[in-house]
Amino acid sequence: MTTTETGASARYGAFISYNHADRARARWLHRALERYRIPAKLVGGEAAFGPVPRRLGRIFRDLDELSAASDLSAEVRAALAESACLIVICTPAAAASQWVAREIALFRELHPDRPVLAALFDGEPAEALPLPLRRTAEGAETEPLAADFREGKDGRRLALLKLVAGAVGVPLDALVQRDAQARVRRVTAVTALAVCLLLAMAGLTILAVRARGEAEARRAQAEGLVEFMLTDLRDRLKEVGRLDVLRAANERALRYYGEQDLATLPPDMLARRARALMTMGEDALEAKDVARARTAFVEANRVTGALVARSPNVYDLVFAHAQSEYYLGLLHFNANDLVSAETHFEAYAALAHRLMAINSADRRSAEEIAYSAGNLCSLRMAQRAVKPAVKLCAEALYAAEAVVRRNPDDNTLWLEVANRQGWLADAERQAGDVGALLKLRREQVALLDRMVSADPRNARNRRLRVWAERALAKAEARAGNGGEGVARMRHAISELRTMTGMDTENQELATKLHEMEAEMADMRRGKL
């Protein structure tokens, strides 16, 4: 039983009010609330509604359709009377529902001192919050705080914690902190168990080496566990910022993989090994640990090369080898070792064309053609090979446009087109073709304008539009169109000021703003 601040007992920890068009959301929220365990360090402490319980308790969710009824059922009325709080799933459908409105009104009438919480799942607040939520019991206008489950807002975990904090009567910060600590402990415990199992499997592999069949089975189990650690477990650790926990296991796995005779291993085991190694390398790159990334990618390349040597026309194996060539090329390119980067980027391009020959219908084939041409475009730009750079950058743009024509609803592909327009514009600037440069930069800004108009809240797209408009402003000024350049730079600066005002801690944006203000001053003096 749950105890409220009035001292009365409640049969239900919460009553979920919802329109039956939102039954799937209600079912998910019901399960999430009933399964949630309040962190032990908060349990028993004093809160706004009495001692903090271990769980919210039973959650009431009406399972029956009410469309044929003229009023709330007796069961619903009884459940409202015996609930510690009311949680309203807010969507446009809920806002239009007379039953949701009646449940809110009745709960407030029965329990004026108990919390009514909003869970916003869809639509803007003005169209999704039922009218009784936007008014007090006395009828005055109010703006209730809502747990915002919408994509790009609070996120499911934080929104759920907001509801629990409101239902129990504890500060949200305390619940978030304790919940994060509890999750880290749970994930760390799982990690420790996984590492112990890995060591145990490795030991079993050694013991079983004389029995080939059993040895292969044990080795497969050990490598399956490694793959689990580097995929599912890795994702969980990323959620709590603890990828460092896997570092020792990664290094041990690298030593294990480096000692294997690839000629004796079956293809499925080799493919699993390559995936694990690529994952290790990506994590190392993200952590800016270049040496560890190089070790992983070199070994991955050894594995994928062995796979392709055995089966040169198996699509997924060729694709995997292409990725390992790309990553090695990227490492050399970032280190300014352009000769070595060229070797791997050329190999990547050849593999991309092999993918197209094997299966031109697979979307990845066209994408890899575009990416590989883009890599070589960047390389030629760095080498100051102007004519080859223009040719390759144009090929990369053409390939990106071909991909997006087949998938016009994929915004990531449109961003790749904008990126390729920028690279080709830079190549044309090196070649001295001012007309082509201006045309490409204007097309790039127009494309990003359309994307921002379609999704005004997308901060990434807004930033990219600012950078593109900055580049176009400088190009206009250098072409003799000083007034147009200043006007475009002023517009980009205005947009960036708005963004820095919303993200005052972002030093990168602040630095870019100062740079652009200095560039506009130079434009006005005719010095850019």
Side-chain angles (χ1 to χ4, degrees), residues 1-17 25 28-60 83-90 104 107-108 110-121 125 128-129 132-137 140 142-188 236 239-242 502-505:
M1 306 288 278
T2 301
T3 303
T4 69
E5 64 178 340
T6 62
S9 293
R11 181 181 178 189
Y12 300 106
F15 181 110
I16 298 179
S17 178
R25 291 166 172 151
W28 174 84
L29 184 59
H30 186 176
R31 292 174 180 171
L33 290 171
E34 286 200 336
R35 291 174 180 173
Y36 184 77
R37 291 184 297 176
I38 296 172
K41 290 188 178 181
L42 295 179
V43 173
E46 285 300 318
F49 308 130
V52 177
R54 187 170 301 278
R55 293 177 181 267
L56 287 183
R58 295 178 59 195
I59 308 297
F60 182 87
S83 295
C85 73
L86 179 68
I87 297 175
V88 183
I89 290 184
C90 298
I104 296 170
F107 186 84
R108 281 182 168 164
L110 294 170
H111 310 296
D113 54 352
R114 296 185 188 180
V116 178
L117 309 171
L120 181 57
F121 276 88
L129 270 63
L133 277 185
R134 291 183 275 125
R135 291 182 178 173
T136 64
T142 184
E143 293 185 8
L145 294 176
D148 200 335
F149 288 85
R150 294 176 298 170
E151 185 176 354
K153 301 300 181 180
D154 290 338
R156 283 199 168 190
R157 190 68 183 181
L158 179 57
L160 181 68
L161 294 181
K162 282 186 176 182
L163 293 180
V164 174
V168 176
V170 298
L172 176 61
D173 287 348
L175 185 59
V176 169
Q177 181 181 6
R178 299 298 186 190
D179 178 82
Q181 291 171 351
R183 294 182 77 196
V184 169
R185 285 195 297 271
R186 289 196 295 271
V187 172
T188 302
R236 297 179 198 175
E239 289 181 8
V240 294
R242 290 300 306 275
M502 298 169 62
D503 189 2
T504 56
E505 300 299 317

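Values in this document were obtained by computation on a predicted structure and should not be read as measured data.
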Compare every heavy atom of [Y] with every heavy atom of [X], then report the nearest pair and how far apart it is.
X: Ala47; Y: Gly169; value: CB-O, 3.3 Å
X: Ala84; Y: Pro115; value: O-CD, 3.7 Å
X: Ile87; Y: Ala14; value: CD1-CB, 3.9 Å
X: Leu175; Y: Tyr36; value: CD1-OH, 3.6 Å
X: Val43; Y: Pro53; value: CG2-O, 3.8 Å
X: Glu46; Y: Pro51; value: OE2-CG, 4.0 Å

Test your reading of the model: is there a side-chain donor-acceptor pair from Arg114 to the backbone of Ser83, 3.5 Å cut-off?
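At least one qualifying donor-acceptor pair exists.
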Notebook entry, point to check: Is Arg37 reaching over with its side chain to a backbone N or O of Arg55, donor-acceptor style, under 3.5 angstrom?
Noted result: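 Such a contact is absent between Arg37 side chain and Arg55 backbone.
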Show which side-chain atoms of residues 158-167 pair as donor or acceptor with protein atoms under 3.5 Å away, not counting sequence neighbours.
residue	atom	partner	partner atom	Å
Lys162	NZ	Asp154	OD1	3.3
Lys162	NZ	Asp154	OD2	2.9

Any [X] side-chain heavy atom under 4.5 Å of [Y] side chain:
X: Ile89; Y: Ser17; value: no
X: Val116; Y: Arg108; value: yes
X: Ile104; Y: Leu133; value: yes

If I take atom [atom1] from residue [X] and atom [atom2] from residue [Y], how far apart are they, to the nearest 0.5 angstrom?
X: Leu129; Y: Cys90; atom1: CG; atom2: SG; value: 4.0 Å
X: Leu29; Y: Ile59; atom1: CG; atom2: CD1; value: 8.0 Å
X: Phe49; Y: Cys85; atom1: CZ; atom2: SG; value: 8.0 Å

Notebook entry, point to check: What pairs with Arg150 under side chain to side chain donor-acceptor pair (under 3.5 Å), at least two apart in sequence or on another chain?
Noted result: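 Only Glu124, Asp148 meet the side chain to side chain donor-acceptor pair (under 3.5 Å) criterion with Arg150.
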Worksheet item: Among all residues two or more places apart in sequence or in another chain, which pass the ring-ring contact (aromatic ring centres under 6.0 Å, His included) test with Phe149?
Response: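 Here the qualifying residues are Trp28, Phe121.
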query = Is there a side-chain contact (heavy atoms from CB on, under 4.5 Å) between Ile16 and Leu33 once you walk through the steps?
reply = CA-CA 10 Å; Ile16 298 179; Leu33 290 171; 4.3 Å; yes
| said: According to ring-ring contact (aromatic ring centres under 6.0 Å, His included), does anything in residues 150-169 pair up with another residue at least two apart or in another chain? List the pairs. | reply: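 Every pair satisfying ring-ring contact (aromatic ring centres under 6.0 Å, His included) with a residue in residues 150-169: there are none.
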### Message
Val52 vs Val170, test: side-chain contact (heavy atoms from CB on, under 4.5 Å). Steps then yes/no.
### Response
CA-CA 8 Å; Val52 177; Val170 298; 3.6 Å; yes
